[in-house]
Amino acid sequence: MKLRSVLILLILLSVGIFAQAGKSGTVSGFVFDAANGEALIGASIYIKGLNIGASSNLSGYFAIPNVPAGKQTVVASYMGYRTKQTEIKVTGNNDNILKINLESDYLQTKEVVITGDSARTIDRLFVKPISRIELNAAQINNIPRVIEADLLRSLQTLPGIQPLSDFSSSLYVRGGTPDQNLYLIDGTDVYNPEHAFGLFSTFNTNAIKKVELSKGGFSAEYGGRLSSILNVTNLDGNRNRFQGDVAISLLSGSTTLQAPLGSLGSISGSFRRTYLDQTIAKFVDEIPDYYFYDGNLKAFLDLNEKNKLIISFYGGKDNLEFIFDKDKEDSPGFKYDWGNTTGSINWKRIFSQNLFASFWVTASRFNSNFNYEEFDVKEENSITDLTFKGNLEYYFSKKLNVKFGFEQKNFKSVFYEEFPGGMVDAGKRRSQYTGYVTGSWRPGDLWDIETGVRFDYFDSDADYKNIDPRFAAKFRLSETSSLKFSTGIFHQYLNRIPRMFITSIWTSADKYTKGSTAYHYILGFQKELFQIYEFEVEAYYKHYDNVYSFNQNYSTELTPDRYSEDGTPVFTETKSLFTSGDGRSMGIELLLRKDFGAVTGWIGYSLARTEYRSESVNRGKYYVPRHDRTSTVNVIANIDILKFRDELLGNPEDNSSSKWLLGFSFVYGSGQPITLPGSAYAINSVPSYRTIPDRLALYPAEINTLRLPAYIRGDLSLTYEKHYSGWTLAPYLQIYNIGNRKNVWFIDYEQEAEDNILKHKIKNITMLPLLPSIGVNIKF
Amino acid sequence: MNTKLKNKNNSNYKIKLYITAFLIFISAFFAGCGEGTLDISEAKYEPKIVIDGYIYPDSKIEEIKITRNFPLNQTVDFSKAVIADANVTVTDIALGKTVTLVYNSENFSFEDPYFEIKVEPGKSYRLDVDAVIDGKQLHASSVTTVPLSGLEILDGVTALKYREKDPEGKLKNISVTFRPSEKCDFYAYVVQPERPTNESFIYDNAYFEVTEKDLEENWGRFILEYSWLQNVDPQTPVFTQKIEWHQIWFYGGYYVTIYAGDRNFRDYVMSNNFVQEPDGNFHEPKLHIDGDGIGVFGSAIRRVFRFSVYKN
């Protein structure tokens with residue numbers, strides 16, 4: 001019944017869509033980077049003298065309906081680009097789709113000049129949905145890093161986004177766990193986006209055009225996860241000339257190439273591979289044979305003015321071959337490989353100037369294989385997601401935009417494991433059907449209201465149907481400040497069994513595990529300071545129902561679902577794997593950001609608290625999970641030294657062909673909770689082994705009541721960029737953890753026994769030490 | 001929208017601003033040196049009665065150790081951990097018969113010296129312990145149901161050279177074939193060399209280099225190997241279990257004790273030694289002791305199997 005209502009609404013909207021007519025016209029088009037033809041996402045476009053405008057969508061498309069007929073001036077602006085004015089003649093039957101090419105500006109010039117036609121900081125902030133963070137490739141690459149530039153590690157420097165440790169690139173967004181984040185690469189879901197046992201993420205930063213991360217309160221267009229949406233758009237490819245990047249670090253070599261395809265469009269591709277296996281591992285026995293590679297290919301095809309086709313592919317693989325003793329021919333070992341493959345075909349169609357549509361077919365597969373032949377252990381773990389989806393945007397009037405769409409997902413998961421005495425065969429097929437509609441209404445100059453609803457039907461051995469309403473409102477408080485609010489219900493039907501250092505296993509809602517629900521309430525305040533600084537404060541409260549944590553004692557509760565012919569127990573279901581419960585997260589975040597000029601970067605602060613409650617944990621009382629962190633301060637500063645000097649001294653613009661870039665990163669995080677043993681006791685592991693036990697067992701104190709010491713780390717990078725005719729050379733030095741601070745990860749208890757005396761040797765296990773690295777980037 | 005920002009006349013202001021920012025950065029970097037320390041004494045200690053006891057059919061109850069726990073970072077002298085004056089009773093639940101166990105200082109255990117309780121397969125027994133620790137009166141109890149009989153060793157591969165291979169190059173294994181106990185789905189097996197010495201240690205093993213010093217320091221790690229089979233099909237008439245080569249560290253004779261264990265035994269073995277997660281956090285093991293106790297009070301049917309490993 002509810003589904004029928006949604007469908008009727010969609011039909012009515014469609015009828016309204018095609019019934020439009022009038023004396024005014026619609027101004028629509030695409031906004032591109034003049035240098036390479038890349039579509040610019042989020043550019044601001046308005047009609048001069050009239051208080052109407054729009055911003056470009058993920059495809060760079062915009063439409064401004066109800067523009068009075070006659071001569072008009074279209075003003076387009078985008079951060080870091082020169083504002084452009086275009087004279088056009090608007091008619092009632094105007095069918096002209098503009099192509100606006102903007103030229104790069106701010107990032108190359110010395111002076112910071114905000115002109116009357118520039119996109120104002122507060123306007124850009126106002127357009128941005130609440131809790132949205134946007135980064136481009138340059139901003140990601142400028143942040144000091146652990147050897148490799150990494151997208152997810154860059155995001156960990158923003159307020160509300162926490163890492164668990166130095167060894168993990170996973171994101172804990174506003175108290176949520178990493179499986180509550182939806183990772184999209186060119187519209188395709190990515191599962192387990194991890195290289196090197198989680199140390200790095202799978203996204204090659206050189207191939208990225210834009211990253212949008214929504215930390216909560218996202219619109220009905222997105223769903224399937226409780227916490228966040230990370231939307232990565234890769235480079236379409238340079239439409240004007242052949243362009244290449246080569247990056248060489250201590251860990252890997254990578255290249256990104258872009259080329260025009262004549263009038264047809266463009267193509268871009270990148271490839272990266274680590275080479276420790278071919279270098280150090282040849283000489284150092286302790287280093288196992290391990291490498292990873294990844295690559296992506298994307299073609300942007302301009303079929304005609306109204307039809308675009310984008311074909312995108314990504315593939316990555318990690319390979320590990322571990323042999324206990326490389327010097328011994330007979331020594332056993334294991335092989336482990338894992339990786340992602342994604343592909344998408346995206347057809348963008350302008351049905352009319354007011355109706356822009358995108359249709360996708362996407363496929364994503366994560367799989368891993370583990371083989372330890374001597375121990376008879378074999379594992380295959382995969383998840384495949386084939387999705388058909390469509391999104392239509394209708395620019396109804398200057399006050400009303402409507403988006404509606406559908407998504408049909410087909411999941412196939414395989415988890416097959418053989419081990420001595422048992423077998424897991426937990427392959428499942430699931431489907432999900434989703435429809436959504438959102439309306440963005442601007443009742444006046446001060447207000448922007450977005451409402452939406454998302455309907456999900458998850459087809460499992462126990463079906464789940466949910467309707468998720470969403471609401472967001474923005475209000476201009478003054479010339480330089482605005483207020484935002486967002487709330488909504490969010491559902492998730494996939495759960496992840498986390499496994500440290502090895503790939504996680506995805507399971508789905510079924511008769512044992514219900515879908516999870518989150519309720520978001522977010523209030524934000526934004527302020528433009530000194531015209532170039534962005535200041536944002538957001539307070540949030542999230543409530544979770546039916547959230548799942550991995551049951552650490554699951555093995556004691558497992559019961560086989562059947563026995564094979566030879567009597568081997570076979571496990572096929574998810575029962576006993578999770579403890580379920582509810583939870584809540586709350587916090588306040590501050591962000592001061594500056595995106596252009598000689599000094600760029602941000603200062604972030606987060607005050608947060610997350611609590612979970614489960615009947616089977618902590619006697620049913622609330623407890624804080626391991627990833628809870630009360631206070632976090634992040635400072636990121638990137639300084640163009642020569643430009644900075646000139647700014648300070650008031651020197652004229654320097655047209656030097658070289659520059660020095662200095663990067664600082666500092667993080668302070670108050671201690672994470674940890675459960676430590678409250679006592680030790682002497683006991684045999686197995687019966688009757690010894691009259692006097694030679695083992696001290698540990699019994700934990702109350703869960704996560706202690707806090708680790710504060711986490712503090714400073715990183716530094718120095719890059720020298722030299723421009724030659726047609727190419728650029730940029731060698732760099734990176735120093736991670738420049739103070740070599742020994743941040744505690746956990747405590748290890750090593751036992752010592754002598755005669756009847758037992759004691760523990762207590763050792764702090766610390767995270768990454770000072771790590772210097774060098775590399776070079778070449779652009780041509 | 002017609003605003004212009006010119007920054008040429010405010011250099012002094014900017015210099016001050018940037019010097020301040022720079023000093024903050026320097027301070028931050030200095031703060032980023034050093035070492036975080038965690039005071040483990042902050043973990044809350046609660047006194048507990050520690051039970052380490054098993055009962056077996058047709059055997060006298062004699063392996064019930066009652067000790068106490070200690071705060072962390074203390075040296076534990078086992079002889080001082082024993083609570084010799086604890087009041088320990090075992091009750092045959094079906095008969096309603098309760099016997100007070102007597103402390104035997106020779107093996108630090110409580111026992112039923114006159115064999116008053118006869119342990120039988122399929123029957124349930126309750127252990128009750130009352131003791132005073134740190135001036136606090138504590139009580140712990142646990143019930144075990146003895147697995148049904150049936151466990152018998154039938155056959156096995158009893159002698160091989162170290163990592164011996166068949167003519168096709170495939171590794172052979174020591175193995176034991178046994179008939180499971182009725183309705184029992186958990187079997188632990190403990191592998192122990194009969195006479196381990198420095199000389200009989202397999203230094204040239206396939207896994208990692210062990211020096212004499214390593215062996216001396218980690219002796220306990222090499223002389224006991226155990227594993228288990230869980231969820232064994234109770235309908236399976238005969239079961240064969242391999243002894244893995246990584247469980248063999250000495251040449252010579254071995255004995256393997258196979259236990260058909262009850263639920264308490266099973267959950268203790270499967271969880272007690274695995275309370276620290278890979279990220280260092282701890283969680284509670286699954287113990288079946290009520291009140292102020294930790295440890296295990298389990299029961300099992302047990303059988304012994306022997307084999308030998310020779311040098312190549």
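The sequence lines fix the lettering, A, B, ..., with proteins before strands; numbering per chain opens at 1. These numbers come from the heavy atoms of this one structure, side chains and all, not from hydrogens, waters or symmetry mates.
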Novice: Is a donor from one side chain sitting under 3.5 angstrom from an acceptor on the other, for A:N618 and A:N704?
Specialist: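 On atom types as modelled, these side chains do not qualify, holding no pair under 3.5 Å.
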Novice: Tell me, with the steps shown, if A:D325 and B:F208 meet side-chain contact (heavy atoms from CB on, under 4.5 Å).
Specialist: CA-CA 6 Å; A:D325 191 339; B:F208 47 84; 5.8 Å; no
Novice: Please identify, among B:I294, B:V296, B:V269, B:T236, the residue contributing the most non-hydrogen atom pairs under 4.5 Å to chain A.
Specialist: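 Of the options given, most contacts go to B:I294.
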Novice: Check for me whether the distance between the ring centres of B:Y207 and A:F324 falls short of 6.0 Å.
Specialist: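 Yes, the ring of B:Y207 comes within the 6.0 Å limit of the ring of A:F324, centre to centre.
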Novice: Given heavy-atom pairs under 4.5 angstrom as the criterion, report whether the side chain, backbone, both or neither of B:R263 touches chain A.
Specialist: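 Just its side chain gets close to chain A.
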Novice: Report which part of B:F274 has an atom under 4.5 Å of a heavy atom belonging to chain A: side chain, backbone, both, or neither.
Specialist: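 Neither the backbone nor the side chain of B:F274 comes within 4.5 Å of chain A.
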Novice: Please report whether the ring centroid of B:F239 lies less than 6.0 Å from that of B:Y187.
Specialist: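 When the ring centroids of B:Y187 and B:F239 are compared, they turn out to be at least 6.0 Å apart.
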Novice: In terms of heavy-atom pairs under 4.5 Å with chain B, which of A:L770, A:D748, A:D376 leads?
Specialist: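 Option with the greatest count: A:D376.
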Novice: Answer with side chain, backbone, both or neither: which region of B:I51 has an atom nearer than 4.5 Å to a non-hydrogen atom of chain A?
Specialist: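 Contact with chain A involves the backbone of B:I51 alone.
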Novice: Out of A:A701, A:S168, A:G421, A:P569, which one racks up the most heavy-atom pairs below 4.5 Å with chain B?
Specialist: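 Going by pairs under 4.5 Å, I would pick A:P569.
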Novice: Name the member of A:S555, A:G671, A:A682 that forms the most heavy-atom pairs with chain B at distances under 4.5 Å.
Specialist: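 Ranked by heavy-atom pairs under 4.5 Å with chain B, first place is A:S555.
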Novice: With a 4.5 angstrom heavy-atom cut-off, could you sort out which part of B:Q230 is near chain A: side chain, backbone, both or neither?
Specialist: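 It is both, since atoms from each part get that close.
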Novice: Should we count CD of B:E209 as having more than 12 external heavy atoms under 6.0 Å?
Specialist: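 Count not over threshold, so no.
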Novice: Hydrogens and angles aside, do A:R741 and A:Y711 bring a side-chain donor and acceptor to less than 3.5 Å of each other?
Specialist: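 Looking only at side-chain atoms, A:Y711 and A:R741 do not form any donor-acceptor pair under 3.5 Å.
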Novice: Please report the C-alpha distance between A:I712 and A:F666 in whole Å, then the side-chain angles of each, then the deciding distance to 0.1 Å, and finally whether the side-chain contact (heavy atoms from CB on, under 4.5 Å) criterion is met.
Specialist: CA-CA 8 Å; A:I712 305 172; A:F666 171 78; 3.7 Å; yes
Novice: With a 4.5 Å cut-off on heavy-atom pairs, point out which of B:V232, B:N173, B:T257 contacts chain A the most.
Specialist: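 Heavy-atom pair counts peak at B:V232.
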Novice: Between A:T568 and A:D566, is any side-chain donor less than 3.5 angstrom from a side-chain acceptor?
Specialist: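 Per modelled atom types, A:T568 and A:D566 side chains form a pair under 3.5 Å.
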Novice: Between A:F644 and chain B, which part of the residue has a heavy atom less than 4.5 Å away: side chain, backbone, both or neither?
Specialist: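 Contact with chain B is through the side chain of A:F644 alone.
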Novice: So which residue, B:E46, B:R163, B:K242, ends up with the most heavy-atom pairs under 4.5 Å with chain A?
Specialist: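 Option with the greatest count: B:R163.
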Novice: Heavy atoms only, distances under 4.5 angstrom: which of A:S564, A:P560, A:P420 has the most pairs with chain B? Name it, please.
Specialist: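 Winner by heavy-atom pair count: A:P560.
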Novice: What part of B:F70 lies closer than 4.5 angstrom to a heavy atom of chain A: side chain, backbone, both or neither?
Specialist: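 It is both, since atoms from each part get that close.
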Novice: May I ask you to decide whether B:K286 forms a salt bridge with A:E557, counting only side-chain N to carboxylate O separations under 4.0 Å?
Specialist: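 Salt bridge present between B:K286 and A:E557.
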Novice: Tell me, for B:Q276 versus chain A, whether the close heavy atoms (under 4.5 Å) come from the side chain, the backbone, both or neither.
Specialist: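 Contact with chain A involves the side chain of B:Q276 alone.
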Novice: Checking side-chain polar atoms at under 3.5 Å, does B:Y226 have a donor or acceptor matched by the opposite partner on B:N273?
Specialist: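 There is such a pair (donor and acceptor under 3.5 Å, judged by atom type) between the side chains of B:Y226 and B:N273.
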Novice: Let me know if A:T705 has heavy atoms under 4.5 Å from chain B in its side chain, its backbone, both or neither.
Specialist: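 Contact with chain B involves no heavy atom of A:T705 at all.
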Novice: Once salt bridge (Lys or Arg N to Asp or Glu O under 4.0 Å) is applied, what residue pairs with a partner in residues 697-706 of chain A remain, sequence neighbours excluded?
Specialist: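 Qualifying pairs, neighbours excluded: A:K621-A:E702.
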Novice: Would you mind telling me which of B:G298, B:P285, B:G295, B:A206 has the largest number of heavy-atom pairs within less than 4.5 Å of chain A?
Specialist: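 Of the candidates given, the most pairs with chain A belong to B:A206.
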Novice: Examine whether an atom of B:K48 lies under 4.5 Å from a heavy atom of chain A, and if so say whether it belongs to the side chain, the backbone or both; otherwise answer neither.
Specialist: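 Side chain of B:K48 only, per the 4.5 Å heavy-atom cut-off to chain A.
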Novice: Report the residue from B:Y189, B:F186, B:F265 that forms a ring-ring contact (aromatic ring centres under 6.0 Å, His included) with B:Y259.
Specialist: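 Single ring-ring contact (aromatic ring centres under 6.0 Å, His included) partner of B:Y259 among B:Y189, B:F186, B:F265: B:F265.
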Novice: With only heavy atoms counted, which part of B:K80 is less than 4.5 Å from chain A, the side chain, the backbone, both or neither?
Specialist: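 No part of it gets close to chain A.
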Novice: So, B:N69 and B:Y45: side-chain donor and acceptor under 3.5 Å apart, yes or no?
Specialist: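 Checked: B:N69/B:Y45 side chains pair up, N/O donor to acceptor below 3.5 Å.
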Novice: Is chain B contacted by the side chain of A:L698, its backbone, both, or neither, given a heavy-atom distance below 4.5 Å?
Specialist: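 Contact with chain B is through both the backbone and side chain of A:L698.
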Novice: For A:F375, give me all partners under ring-ring contact (aromatic ring centres under 6.0 Å, His included), at least two apart in sequence or on another chain.
Specialist: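 Counting only residues at least two positions away or on another chain, A:F375 forms a ring-ring contact (aromatic ring centres under 6.0 Å, His included) with A:Y372, B:H246.
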Novice: For B:D185, is it the side chain, the backbone, both, or neither that has a heavy atom closer than 4.5 Å to a heavy atom of chain A?
Specialist: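 Neither part.
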Novice: Sort out for me which of B:N231, B:T75, B:V275 touches chain A most, counting heavy-atom pairs under 4.5 Å.
Specialist: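 Ranked by heavy-atom pairs under 4.5 Å with chain A, first place is B:N231.
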Novice: Which bit of B:E284 is near chain A, if near means a heavy-atom gap under 4.5 Å: side chain, backbone, both or neither?
Specialist: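 Both backbone and side chain.
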Novice: Side chain, backbone, both or neither: which part of B:T67 has an atom under 4.5 Å from a heavy atom of chain A?
Specialist: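 Just the side chain, heavy atoms under 4.5 Å.
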